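Beneath this line is the structure, given in structure tokens, with notes to follow.
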Amino acid sequence: MNFIFKFLNKRYSIRLLIFFISVFLFLFFVGGAIPVMLEDYSEKNESYAHKYIGEMDRISEDIKTALTKLNGLDITNCDDEMIKQMRFAQFESKFIKDIGYSYGGKLLCTSGLGKLEKPFNELPPDLITPDGALVWLKVPIKLFNFEKMAHVVRVDHFNAVFNTSEIDQDDITASNIAIYVVQKNKPPYFYGGNKELTIDSFVRKKSIYDMHGMKTIRCSETSNICAAVYVSYSEIIQKEASMIFGIVMLSAISTIFFMKFLYDLLNRFKGFRNRFRFGINHERVLCYYQPIVEMQTSKLIGCEVLCRWVDFDGRVATPDEFLNIIKELHKTKEFTQIIIDKSFDELAPVISSIPGFKISFNIFPSDFQSETIVDMIGQYRVKHPELTINLELTEDELIELAQVSIAIDELRAWGYVISIDDFGTGYSSLSYLRDINADYIKIDRSFVREIEHGSIKSSLIPNIVNIANDIGAQVIAEGIENHKQIEFLMSYNVPYGQGYLFGRPCPVEEFSQLICGDKLC
């Protein structure tokens, strides 16, 4: 957590973080759309391949049906009955142009020419399919008085002549498709198209990406035909320019809105309130000590424990910056406990030899209950009975507390001392002050500051002293900075003082250097 706040509080750290996150988000949005687009083109390529494969599947099924039927007949001679059956099978077929009967490697008769006067010696086949069919591709076929290039497939003794010129003209003449015929125990046979588009014999359906484009391979489930279709990225960009522009713009707009949201979120996260909330601990909470002296003798009678907080950038924050935050976060007891624990640990070795030394703590009104105070400080009263624990509440805070006089009586019975801090800034009535029966009244520094100017506010100090005498409380003046203020205060029997003249709030190391015995050095 410390690392996070330190990073967020460095100059330009949020901007750099937002920049890198925005780049990542932009690439994420665009990158998320690209696979969808490529998948769409893979499906288009597959559809394109299926167009050829589907037609070949229909031809294959047609030939297979016709030849299987003929091979099932009990006919072994090229007589009229065989020729009639071959012609009938050709008539029923949509794709077969001629049917022939072969035996012993010789073509004996065909449905078109009948029984051949001279048997035709067959050439070795171009390929053998995995199911054992022999295939001759692009061979000259003599039909009546003309020849035509066609394909021949033989199953057992019967063969069928067919051609795919119409399909080939539409498809495999293009540079972005290649047609292969799968053969037995050999690599796929290249039939036509772009020979650079290769396939593996074991591939059935797959999309392969390279640096320049995408190749989609699809093989028939029922025949031995495979097709490889290729589309380049430049072609995709050219065809989908408007969509790509829309994706980029939408991604940019989404990124901008998310950046704004993230920027506001991180700024709130790195704000003082959040830094403080995550930093309420013994390491970041500091205790400062300001001496309280008897002005006539310079005798040290005690000190007020003041708090500071070290920000994640090393800056020391004052209570004015975070006291209200503590209240809003309902962390008053947790914060006060840290102050109490640290101050006793730090002060005990320094002031243990000063009898009756008063340690003054500012207590939040929400925690000003006898049970709460005893729970927070009780163990230290037992360990250090020589010390006096002074609990300070401002005048306004006392007014906010219900049944405060009962709580004060209980705490006083436990041995605690009660002070009213910043007296004169609130609106307590004299009868209310009598009910509280505080041990000390601390004159607010704003009254002391005006002594040299002879203002109306400073003239109220004698009245405050009279009120303190009336309720049986001692008076401590805060904010003393020069001897003229001391003279004025002592002239009205103010015995105790606190302020920069005696010592500023400081860490325990500096505070210990101010003490010489039971007096200030």
Side-chain angles (χ1 to χ4, degrees), residues 50-172 179-184 189 191-192 219-226:
H50 180 73
K51 177 184 176 183
Y52 190 92
I53 292 172
E55 193 66 22
M56 292 301 296
D57 282 347
R58 286 189 289 274
I59 294 173
S60 176
E61 184 63 27
D62 184 67
I63 293 172
K64 181 179 179 181
T65 301
L67 298 186
T68 300
K69 184 177 180 180
L70 288 172
N71 281 301
L73 298 175
D74 188 18
I75 302 175
T76 59
N77 295 316
C78 274
D79 54 15
D80 292 340
E81 179 63 23
M82 177 180 283
I83 293 173
K84 184 181 80 170
Q85 290 296 333
M86 289 193 298
R87 288 176 178 172
F88 184 73
Q90 179 184 343
F91 177 80
E92 286 186 325
S93 171
K94 180 180 178 181
F95 301 101
I96 297 175
K97 304 301 181 183
D98 195 17
I99 296 177
Y101 175 77
S102 298
Y103 190 84
K106 296 180 181 293
L107 180 63
L108 302 178
C109 59
T110 70
S111 60
L113 299 177
K115 186 175 181 179
L116 301 179
E117 294 181 2
K118 183 180 180 181
F120 178 78
N121 292 321
E122 295 177 337
L123 299 174
D126 292 316
L127 58 96
I128 302 175
T129 65
D131 55 4
L134 306 182
V135 180
W136 291 265
L137 296 173
K138 301 177 183 178
V139 296
I141 302 297
K142 187 175 182 179
L143 297 172
F144 303 104
N145 59 348
F146 63 91
E147 287 186 350
K148 189 170 184 179
M149 303 299 290
H151 311 312
V152 179
V153 174
R154 182 203 287 178
V155 177
D156 292 336
H157 293 290
F158 288 92
N159 55 55
V161 177
F162 68 99
N163 69 68
T164 57
S165 57
E166 294 181 1
I167 302 173
D168 297 346
Q169 184 178 0
D170 291 338
D171 290 308
I172 66 171
I179 305 300
Y180 288 85
V181 181
V182 177
Q183 54 182 333
K184 187 176 183 180
Y189 180 90
Y191 175 75
C219 294
S220 171
E221 298 292 337
T222 58
S223 69
N224 305 301
I225 304 300
C226 290

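Because the structure is predicted, anything quoted here is derived from the model rather than measured. These numbers come from the heavy atoms of this one structure, side chains and all, not from hydrogens, waters or symmetry mates.
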Given the rule in the salt bridge (Lys or Arg N to Asp or Glu O under 4.0 Å) test, do Arg58 and Glu55 qualify, once you have shown the distances and angles that lead to the verdict?
CA-CA 5 Å; Arg58 286 189 289 274; Glu55 193 66 22; 2.2 Å; yes
Closest non-hydrogen contact found for Cys78 with Lys115 is O-CD, 3.7 Å
Within the structure provided, determine whether His157 and Ser102 are in side-chain contact (heavy-atom separation under 4.5 Å).
no
Take Val155 and Asn71 through the side-chain contact (heavy atoms from CB on, under 4.5 Å) test and state the conclusion after the steps.
CA-CA 8 Å; Val155 177; Asn71 281 301; 4.0 Å; yes
With heavy-atom distances below 4.5 Å as the criterion, would you say the side chains of Leu116 and Leu108 are in contact?
no
So, do Met86 and Phe91 sit near enough that their side-chain heavy atoms are less than 4.5 Å apart?
no
Are any non-hydrogen side-chain atoms of Ile83 and Tyr101 less than 4.5 angstrom apart?
no
Residue pair Ile96 / Ala66: nearest heavy atoms and the distance that separates them
CD1-CB, 3.6 Å
Would you say the side chain of Pro130 lies within less than 4.5 Å of the side chain of Val182, judging by non-hydrogen atoms?
yes
Closest non-hydrogen atom pair, Ala150 against Val161:
CB-CG1, 3.7 Å
Any chance you could measure Thr76, atom OG1, to Asp79, atom CG, to the nearest 0.5 Å?
8.0 Å
How close do Trp136 and Leu123 get, counting heavy atoms only, and between which atoms?
NE1-O, 2.8 Å
Ring centroids only, cut at 6.0 angstrom: are His151 and Tyr191 within range, meaning strictly under it?
yes
Got Ile225 and Tyr180 here, is their nearest side-chain heavy-atom distance under 4.5 Å?
no
For residues Gln85 and Leu70, report the shortest heavy-atom separation together with the two atoms involved.
O-CD2, 3.7 Å
With Lys94 as the cation and Phe162 as the aromatic partner, state whether NZ or CZ is under 6.0 Å from the six-membered ring centre and within 45° of the axis.
no
Please walk me through it: do Leu127 and Leu137 pass side-chain contact (heavy atoms from CB on, under 4.5 Å)?
CA-CA 9 Å; Leu127 58 96; Leu137 296 173; 3.9 Å; yes
Under 3.5 Å, side chain of Ser93 to main-chain N/O of Ala89, donor-acceptor pair present?
no
Sidechain N-carboxylate O distance under 4.0 Å for Glu81, Lys84
yes
How about Val153 and Asn159: do any of their side-chain heavy atoms sit closer than 4.5 Å?
no
If every non-hydrogen atom of Gln90 is compared with every non-hydrogen atom of Ile99, which pair is closest and at what distance?
N-CD1, 3.7 Å
Could you give me the CA-CA distance, side-chain angles and deciding distance for Met56 and Ser220, then say whether side-chain contact (heavy atoms from CB on, under 4.5 Å) is met?
CA-CA 9 Å; Met56 292 301 296; Ser220 171; over 6 Å; no
